[in-house]
Amino acid sequence: MLVLGIETSCDETAAAVVSDTMPRIRGNVVFSQMEEHRPFGGIVPEIAARAHLDHLDPVIERALAEAEIGFGDLDAVAATGGPGLIGGVIVGVVEAKAIAYARGLPFIAVNHLEGHALTARLIGDVAFPFLLLLVSGGHCQLLVVEGVGRYRRLGTTIDDAAGEAFDKGAKLLGLGYPGGPAIERAAKTGDPKRFALPRPMAGRAGCDFSFSGLKTALRLAVEKHVSLEPRDIADLAAGFQDAIIESLADRTIHAIRQFRDLYPDGRTLVVSGGVAANTALRRRLESLARGSALDFVAPPVALCTDNGAMIGWAGIERLRLGLVDTLDFAPRPRWPLDPDAVPVRGAGVKA
Ligand code: KG4
Ligand code: ZN
């Protein structure tokens with residue numbers, strides 16, 4: 001089985017050819033629009049949509065060439081159907097529908113978050129149910145993945161996502177965009193203990209997240225300095241990264257307890273999404289999992305950030321179960337994995 005996966009929901013234009021037999025990833029091409037957004041210090045949705053239009057065709061061609069196949073060899077076409085920046089999602093969905101229609105192939109609309117969630121099964125044999133910490137630029141959630149299309153949300157953020165916090169923190173420190181990798185780099189030489197920054201939500205009941213107070217604390221610390229020396233920036237970056245990781249860890253500890261109670265057969269903690277590229281976070285979660293006698297799975301960094309392989313793989317998992325979509329599927333800017341989750345109150349609640 002060969003599935004083309006298309007990802008255009010944010011600032012990566014990506015396509016991959018994925019198989020249900022080894023090697024699973026046959027072709028995988030990611031075009032990062034970073035340089036087009038960098039002058040603006042963040043992603044500009046209209047620029048992203050136009051850039052997807054410009055780059056998607058050659059990206060798909062290269063993915064097929066890497067896999068050494070043509071459109072005629074495909075069994076299905078999958079594209080991110082949401083959630084995300086709607087202009088970009090429309091570009092990917094329309095392209096996938098056109099290929100599917102022209103070739104008479106099934107079309108599969110994949111929830112971007114399901115793509116991140118199932119990446120663990122693309123790289124290894126992780127059994128359902130597993131506990132997932134999904135941390136990216138747009139999302140910050142703890143979920144139990146019970147099966148394909150079956151999710152139970154244990155916690156979400158009441159304001160910013162973890163990646164968003166990294167990005168905003170980097171901006172305050174003058175470290176540029178994207179913030180996560182920049183903060184991680186600066187933090188390497190910093191002293192995380194010099195500035196006392198809060199660990200948001202730590203010790204509170206439940207598994208929800210909040211990062212806006214931490215961002216304010218960082219801003220106040222920055223404003224106290226007339227000019228920031230490289231030493232100060234490194235120490236602030238280290239303290240800020242530590243605070244985010246400790247907050248994520250505290251929430252995950254609560255989630256592990258709930259997971260244990262609700263799913264005695266569950267054996268694995270998985271981390272996914274762009275922030276899962278962070279080495280210090282991976283280490284912290286690995287030791288947490290070990291302490292709780294859980295296996296720990298973190299996909300390779302290139303599969304944590306947005307890519308087409310995760311969409312192609314989710315397509316394969318869906319195709320196996322006969323979960324295909326019709327060509328009248330409408331792209332969805334919002335698309336929660338667990339529609340039954342209790343709504344949380346907060347400033348800018350993410351679905
Ligand atoms: O999953 P992703 O590529 O896109 C979304 O779906 O949001 O995640 C991008 C996010 C950005 O906020 C970026 O700053 C963050 O992931 N990120 C990191 C690291 N690499 C990327 N955050 C912390 N440490 C990193 N090394
Ligand atoms: Zn993502």
Side-chain angles (χ1 to χ4, degrees), residues 116 131-143 153-173 175 178-184 186-188 190-222 235-259 269-292 294 296 298 304 341 344-350:
H116 281 303
L131 178 62
L132 171 72
L133 173 64
L134 175 53
V135 271
S136 72
H139 299 274
C140 190
Q141 304 189 2
L142 278 154
L143 296 148
R153 195 181 78 193
L154 302 182
T156 188
T157 180
I158 59 169
D159 42 58
D160 291 346
E164 207 172 355
F166 270 108
D167 293 335
K168 289 178 177 173
K171 212 170 192 174
L172 285 169
L173 294 173
L175 290 172
I183 292 218
E184 181 167 27
K188 283 213 169 83
D191 169 10
K193 300 223 160 31
R194 180 168 153 216
F195 295 95
L197 294 171
R199 268 70 177 136
M201 308 296 269
R204 288 234 213 140
C207 307
D208 289 334
F209 304 87
S210 166
F211 294 103
S212 67
L214 173 62
K215 185 184 62 192
T216 305
L218 179 69
R219 183 170 53 75
L220 294 175
V222 168
D235 292 345
L236 282 166
F240 188 67
Q241 174 175 272
D242 232 41
I244 292 179
I245 291 175
E246 280 316 306
S247 179
L248 292 173
D250 177 84
R251 310 284 79 203
T252 306
I253 290 169
H254 285 216
I256 289 175
R257 273 190 218 128
Q258 289 191 22
F259 181 57
L269 170 66
V270 173
V271 65
S272 192
V275 180
N278 188 285
T279 311
L281 174 64
R282 291 162 89 102
R283 277 209 206 106
R284 183 74 177 90
L285 294 172
E286 183 165 25
S287 85
L288 255 187
R290 205 181 309 124
S292 309
L294 291 175
F296 176 64
C304 284
V344 291
R345 281 181 204 277
V349 175
K350 306 275 185 298

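Values in this document were obtained by computation on a predicted structure and should not be read as measured data.
- Although no hydrogens or angles enter the test, the distance criterion places no donor-acceptor pair under 3.5 Å between the side chain of D191 and the main chain of D235.
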For this session: Please assess F259 against L132 for the test side-chain contact (heavy atoms from CB on, under 4.5 Å), listing each intermediate value before the final yes or no.
Result: CA-CA 10 Å; F259 181 57; L132 171 72; over 6 Å; no

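- Considering only residues two or more places apart in sequence or on other chains, S247 meets the side chain to side chain donor-acceptor pair (under 3.5 Å) condition with none of them.
- For the atom pair OG1 (T252) and CG (L131), the distance works out to 7.5 Å, reported to the nearest 0.5 Å.
- Side chain of R194 to backbone of L236: no donor-acceptor contact under 3.5 angstrom is found.
- Remark: side-chain polar atoms of E184 are paired, donor with acceptor, to backbone N or O of T279 under 3.5 angstrom.
- For the pair L197 and A243, the tightest heavy-atom approach, listed with the atom from each and the gap, is CB-CB, 4.4 Å.
- When all heavy atoms are compared, the tightest approach of A289 to L269 is CB-CD2, 4.1 Å.
- Here the side chain of D208 pairs a donor or acceptor atom with the backbone of T156 at under 3.5 angstrom.
- In this structure, H254 contributes its side chain and G206 its backbone to a donor-acceptor pair below 3.5 Å.
- In terms of heavy-atom proximity, A238 sits nearest to A187 at CA-CB, 3.6 Å.
- Atom SG of residue C207 and atom CD of residue Q141 lie 12.0 Å apart, to the nearest 0.5 angstrom.
- A salt bridge between K168 and E164 is present, with a side-chain N of the basic residue lying under 4.0 Å from a carboxylate O of the acidic one.
- The shortest heavy-atom contact between A162 and C140 is N-CB, 3.8 Å.
- The shortest heavy-atom contact between A161 and G138 is CB-C, 3.7 Å.
- The backbone N or O of G179 sits less than 3.5 Å from a side-chain atom of D167, completing a donor-acceptor pair.
- A side chain to side chain contact (heavy atoms under 4.5 Å, CB included) with I256 is found for one member of L154, L142, L294 and no other, namely L294.
- Pairs passing the salt bridge (charged side-chain N to carboxylate O under 4.0 Å, His left out) check and including a residue from residues 241-259, sequence neighbours excluded, read R199-D242, E246-R284.
- Side-chain contact check for D159 and S210: at least one donor-acceptor pair (N or O, by modelled atom type) lies under 3.5 Å.
- In terms of heavy-atom proximity, F166 sits nearest to F240 at CA-CE2, 4.2 Å.
- Counting only heavy atoms from C-beta outward, the side chains of K215 and L172 approach each other to under 4.5 Å.
- With sequence neighbours left out, the side chain to side chain donor-acceptor pair (under 3.5 Å) criterion links N278 to Q241.
- Considering only heavy atoms from C-beta on, F296 comes within 4.5 Å of V271 through its side chain.
- Atom CZ of F209 is separated from atom CZ of R204 by 13.5 Å, given to the nearest 0.5 angstrom.
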